[in-house]
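Have a look at the structure below, then the notes.
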Amino acid sequence: MTTVPMPADRPATEEQARAVQDELRGRVVLDEPGPPPGTGRVTGVDVAYDDERDLVAAAAVTLDAATLEVVAEATAVGRVSFPYVPGLLAFREIPTVLAALDSLSGPPGLVVCDGYGLAHPRRFGLASHLGVVTGLPTIGVAKNPFTFAYDDPARERGSASPLLAGDEEVGRALRTRDAVKPVFVSVGHRVNLDNACAHTLALTPRYRLPETTRRADALCRRALQEATIRHSPTSRYPES
DNA sequence: GCGACAG
DNA sequence: ATCTTGTCGC
């Protein structure tokens, strides 16, 4: 994995963070279709927090895109370095996510993020940011709508409706399971929206959320638990 | 000025 | 994100 030099990677204020986004936004590549769904590798990344102990755990789980079997896993634990601010999620998650990605044994392939890419107030969400910093193709699959209008998609899996910022389609509400709340897909880096949706459907043969996200979520929670135990008085925990 | 607001 | 039991359903 490669990373581009980025001195202003960890801004101290919200204003600086927004300036970083405005600067990096120009490096997003939107004119590549991205890897074909169902081939190669797909990596899910997710983060879990323990604000009480100021801990953050990230996980990266790589699946074979055809079989959805796990081929590589990695975790990283760090200190919370930025508060949660809507629109600035990347600054809270990316440092630890990068560490987890770097620990992966093989190439990540397409990276699936928990959150948004283009569908962002400044068109530079977590997935866009991670893509620019790593150079990897990325997409964002969020569980909740942000600040964009959309119509409820038809009840069948595969149905979608545009996420609209005025008249611009910045993402899609995509139904991954019949009659179940849709997920919110947007482009990150080097992948187009049709492909991003196709990947999302290929990753949801059974559940609403992509297998990548589910695996990464379970893994970072486990990593956080282990880290939490290590940072706690042993007397509070049963021997085993 | 008052809410809304990915994780 | 996280706090949290049982419960309805395949």
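Treat the numbers as computed from the prediction; the structure is a model and nothing was measured. In what follows, chains are A, B, ... by sequence order, proteins preceding strands, each numbered from 1.
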Heavy atoms under 4.0 Å, any strand shown: does R221(A) hit a base, just sugar-phosphate, or nothing?
sugar-phosphate
Are OP1 or OP2 of dG7(B) and a side-chain N or O of K143(A) less than 4.0 angstrom apart?
yes
In whole angstrom, what separates Y150(A)'s OH from dA4(B)'s C1'?
14 Å
For dC5(B), does OP1 or OP2 lie under 4.0 Å from any side-chain N or O of N144(A)?
no
Across the strands shown, which category fits P145(A) at heavy-atom distances under 4.0 angstrom: base, sugar-phosphate, nothing?
sugar-phosphate
Before we go on, tell me: are the rings of Y84(A) and Y49(A) under 6.0 Å apart, centre to centre?
no
Residue T147(A), side-chain heavy atoms: nucleotide from dT2(C), dA6(B), dC5(B) that is nearest
dC5(B)
With heavy atoms under 4.0 Å as the rule, sort G140(A) into base, sugar-phosphate or nothing.
nothing
Counting any heavy atom closer than 4.0 Å, what does A119(A) reach on the DNA or RNA strands: base, sugar-phosphate only, or nothing?
nothing
Nearest to the side chain of L224(A), heavy atoms from C-beta on, is which of dA1(C), dC5(B), dT2(C)?
dT2(C)
Applying the side chain to side chain contact (heavy atoms under 4.5 Å, CB included) test to P137(A), which of L110(A), V29(A), N195(A) qualifies?
L110(A)
Before giving the answer on side chain to side chain contact (heavy atoms under 4.5 Å, CB included), spell out for V111(A) and T134(A) the whole-Å C-alpha distance, their side-chain angles and the decisive distance to 0.1 Å.
CA-CA 10 Å; V111(A) 178; T134(A) 62; 5.8 Å; no
Hey, does L163(A) reach any base, or is it just sugar-phosphate, or nothing, if we go heavy atoms under 4.0 Å?
nothing
Would you say Y84(A) reaches dA6(B)'s phosphate, i.e. side-chain N/O to OP1/OP2 under 4.0 Å?
yes
Is there side-chain contact between L101(A) and V45(A), with at least one heavy-atom pair below 4.5 Å?
yes
Out of dC5(B), dT2(C), dG7(B), whichever nucleotide has its closest atom nearest the side chain of F146(A)
dC5(B)
